[in-house]
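Input: a single structure, listed below in structure tokens.
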Protein chains: 2
Amino acid sequence: MRQKAEKSGPKKPATMRDVASHAGVSVATVSRALGGSSLVTEETALAVRRAVAKLNFVPNISARTLKYGQSHAIGVIVPDLTNPFFSEFLREFEALASANGQVVLLANAEASVGGALTSVRQLLMRLVDGVVVLPSLDELEPYQLLTLRKVPTVAIDSRRTGPSFSDVSLMHEEGMRQAVGYLKDLGHQKIAFIGGSPGLMISKLRLDAFQASLKMHGITVRHEYVRHGNYRADGGDRELRNLMLLADRPTAVIGVNDLTALGALRAARTLNISVPGEVSVVGFDGIELDDLVSPSLTTMSVSRKLIAQSCHGALEEMRLGRGGSGRQLYIPVELIVRQSTGRPLRKTTKH
Amino acid sequence: MRQKAEKSGPKKPATMRDVASHAGVSVATVSRALGGSSLVTEETALAVRRAVAKLNFVPNISARTLKYGQSHAIGVIVPDLTNPFFSEFLREFEALASANGQVVLLANAEASVGGALTSVRQLLMRLVDGVVVLPSLDELEPYQLLTLRKVPTVAIDSRRTGPSFSDVSLMHEEGMRQAVGYLKDLGHQKIAFIGGSPGLMISKLRLDAFQASLKMHGITVRHEYVRHGNYRADGGDRELRNLMLLADRPTAVIGVNDLTALGALRAARTLNISVPGEVSVVGFDGIELDDLVSPSLTTMSVSRKLIAQSCHGALEEMRLGRGGSGRQLYIPVELIVRQSTGRPLRKTTKH
DNA sequence: CTGAAAGCGCTTACAG
DNA sequence: CTGAAAGCGCTTACAG
């Protein structure tokens with residue numbers, strides 16, 4: 001009869017118990033040695049490390065999570081990874097998280113409220129240390145579950161704070177004021193806006209800022225100059241065409257984000273409408289792409305790195321703090337002038 | 001003396017035990033009810049569900065993970081989220097994962113082998129069900145740990161399979177053959193290639209395919225026509241400029257990926273070199289951006305959705321299968337002709 | 001300095 | 001149909 005199979009079989013990954021018996025100590029000692037406890041002899045620690053290396057031991061984090069109720073994972077709820085704004089944010093945020101020994105759990109929220117709720121539940125089940133909510137839905141529902149559980153949460157542009165709920169808001173107002181002022185100085189009076197899907201907070205905020213800026217500069221807000229896109233290039237493309245169908249065309253167009261503006265640029269190109277001669281175009285975000293197209297895109301730029309730092313900082317503060325109220329942070333917006341904007345051609349647009 | 005505080009204090013999230021006492025049953029029954037076991041009376045199940053709703057109970061998945069050794073999480077190791085190829089892949093993959101009740105753990109691998117190894121260890125600690133490796137480093141090290149643990153792994157373009165290790169490869173050869181054939185038919189004989197960083201598999205594969213295709217079509221491979229970029233736009237920009245400094249300029253340039261080709265387009269624009277008149281440009285990937293620039297980019301396109309499906313399918317097969325050897329899958333590449341390619345101008349480039 | 005034991009929250013044979 | 005108990009792998013007071 002053979003001995004009990006030792007090297008064959010599914011061979012489960014080594015546990016601390018295996019390491020312990022290999023090193024001739026108890027699991028408690030192994031745990032302490034790996035945790036760097038000063039209670040352990042250098043000699044013992046060495047034996048443990050040797051056993052760890054020999055057995056390729058990797059600790060099972062779910063045991064620790066079970067013990068502490070914290071997983072060192074951070075959930076990030078993203079509406080559309082295809083939008084460079086989000087993927088660039090994610091890159092910065094992931095770097096911060098992993099530098100802090102945390103891992104990023106990706107959750108999608110494309111599928112409206114139902115999707116967001118499911119995502120939130122998934123994250124709660126996994127005892128995330130915190131959650132970043134990028135979509136900024138108007139709906140409160142998904143957030144409430146998080147707040148109820150006191151999970152540190154930070155949203156972008158929700159303009160709302162509360163217990164264990166912080167907000168990082170871009171200074172749209174300031175950016176818009178700069179952009180509209182800049183366009184006005186160039187001689188523009190007919191300025192249009194292509195927003196995103198009406199449901200989302202960010203579109204509302206930027207539209208409001210747009211309208212307020214026009215008023216502040218004494219420019220009439222025209223109903224037909226306010227359009228709704230979809231945050232993607234095709235929406236910007238479509239709405240620029242619609243704007244160009246108007247008898248009295250705008251001479252400048254501001255997009256709710258860069259993709260929208262890039263779509264508008266493409267439409268202008270296709271229609272043989274010169275930019276910035278016949279129409280100036282301004283975006284919002286400052287994605288790396290802006291500089292790859294021709295004409296390059298004038299935009300209200302915001303530092304993705306700063307957003308990521310603010311989000312991560314706010315989460316850590318709430319996590320480590322005494323669970324007080326969240327904070328409201330603001331991110332500056334800077335107008336970057338490139339080739340897509342200029343003086344309007346001197347001709348009466350009405351024929 | 002007050003009663004033991006019930007509503008104040010940190011109030012830990014409800015556990016199954018709380019649900020049980022609330023519903024007047026045992027935790028075993030709660031577990032069964034939530035698992036949809038047919039052993040539970042409809043009546044009991046109802047009481048349990050009511051208690052769950054009342055207490056906002058969300059199961060703690062780390063307990064389950066501890067029991068089963070599987071976390072229903074899939075790790076995805078990405079080299080650069082800023083590259084649309086990867087973010088578009090990630091979107092598709094995340095959709096598949098969440099449709100299967102799995103969550104995506106993001107891991108970055110920018111920082112060479114050390115970074116990859118750290119990522120792999122993080123994923124192992126979390127008992128991921130599988131791992132997708134996008135970087136395709138030449139180094140074996142990080143992979144070995146995964147294989148050792150029998151964690152289902154799928155890599156892209158590693159051209160390597162093994163126990164619990166599958167590979168999804170793009171058919172570069174076929175794509176290159178099409179592209180070079182197409183350029184030759186247009187009249188091009190001087191064709192250059194801008195690769196990526198030399199260390200990565202994908203650059204080597206595409207360069208090899210490029211050179212093989214030239215030979216097959218009877219075109220001389222010129223040493224000075226082979227350049228190394230960095231997979232990003234600035235690399236393509238830089239190398240196109242270098243190519244244009246040559247006394248005998250190429251009339252067509254193929255980029256290792258779309259970002260490289262888009263950078264080359266930008267450089268040509270800046271240098272006032274007409275595309276496709278003076279130089280034709282071809283990319284590889286088929287990212288959504290290709291259509292946003294002008295001239296739009298001719299490219300060898302590959303379906304991100306198909307790649308994602310293949311990766312997820314391979315992982316599931318290995319996870320559910322008897323742990324046999326992994327599979328080698330291939331993804332077709334299709335040449336999409338847009339505006340950046342055309343006949344070379346009829347003039348002697350030598351002066 | 002080290003070890004035995006309890007406990008984190010769930011699941012599931014094993015009894016009833 | 002339901003419950004008591006063991007066990008997943010770790011950590012940490014509590015003894016020694």
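- Distance Gln70(A) CD to dC8(C) C1': 14 Å, rounded to the nearest Å.
- When the P atom of dG9(C) is taken as reference, atom CZ of Arg64(A) falls 18 Å away, rounded to whole Å.
- The distance from atom CZ of Arg126(A) to atom CG of Leu105(B), rounded to the nearest 0.5 Å, is 7.5 Å.
- Looking at Gln122(B) and Val103(A), their side chains come closer than 4.5 Å, going by heavy atoms from C-beta outward.
- Listed candidates were dG3(D), dG3(C), dT11(C). Nearest to the side chain of Val25(A) is dG3(C).
- Proximity of a side-chain donor or acceptor of Asp157(A) to a complementary backbone N or O of Ser169(A) within less than 3.5 Å is not detected.
- Within the nucleic acid shown, Ser62(B) has no heavy atom closer than 4.0 Å to any nucleic acid atom.
- The closest donor-acceptor contact from the side chain of Thr29(B) to the backbone of Val25(B) lies at 3.5 Å or more, if one exists at all.
- A donor-acceptor pair is defined here as one N or O able to donate and one able to accept, closer than 3.5 Å; no such pair exists between the side chain of Ser37(A) and the backbone of Arg32(A).
- Of the possible donor and acceptor atoms, none in the side chain of Arg149(B) sits under 3.5 Å from a partner among the backbone N and O of Gln144(B).
- Contact check, Thr29(A) against dG3(C): a side-chain N or O comes under 4.0 Å of OP1 or OP2.
- In this structure, CG of Leu34(A) is placed 8 Å from P of dT11(D), rounded to the nearest angstrom.
- The side chain of Asn60(A) has dC10(D) as its nearest neighbour among dG3(D), dC10(D), dG3(C).
- Ion pairing between Arg304(A) and Glu88(A) holds under the 4.0 Å rule for side-chain N and carboxylate O.
- For Arg17(B), the CZ atom counts as loosely surrounded, since its 6.0 Å shell holds 12 or fewer non-hydrogen atoms of other residues, nucleotides or ligands.
- For the pair Leu66(B) and Arg32(B), nearest-nucleotide mapping onto DNA chain C gives the more 5' position to Leu66(B).
- Lys67(A) places its NZ atom 12 Å from the P atom of dA6(C), with the value rounded to the nearest Å.
- Note that the CZ atom of Arg319(A) and the NE2 atom of His312(A) stand 8.0 Å from one another [nearest 0.5 Å].
- With a cut-off of 3.5 Å on both pairing distances, the Watson-Crick and G-U wobble pairs of DNA chain C assemble into stems of 3 or more at C:1-3 with D:14-16, C:5-12 with D:5-12, C:14-16 with D:1-3.
- Per the geometry, CZ belonging to Arg126(B) stands 18 Å off C1' belonging to dC8(D), to the nearest Å.
- The distance from atom NZ of Lys12(B) to atom C1' of dG9(C) is 11 Å, rounded to the nearest whole Å.
- Of the residues in residues 35-42 of chain B, none lies under 4.0 Å from DNA chain C by heavy-atom distance.
- One atom, CE of Met125(B), and another, P of dG9(D), lie 16 Å apart when rounded to the nearest Å.
- When the C1' atom of dC1(D) is taken as reference, atom CD of Glu43(B) falls 12 Å away, rounded to whole Å.
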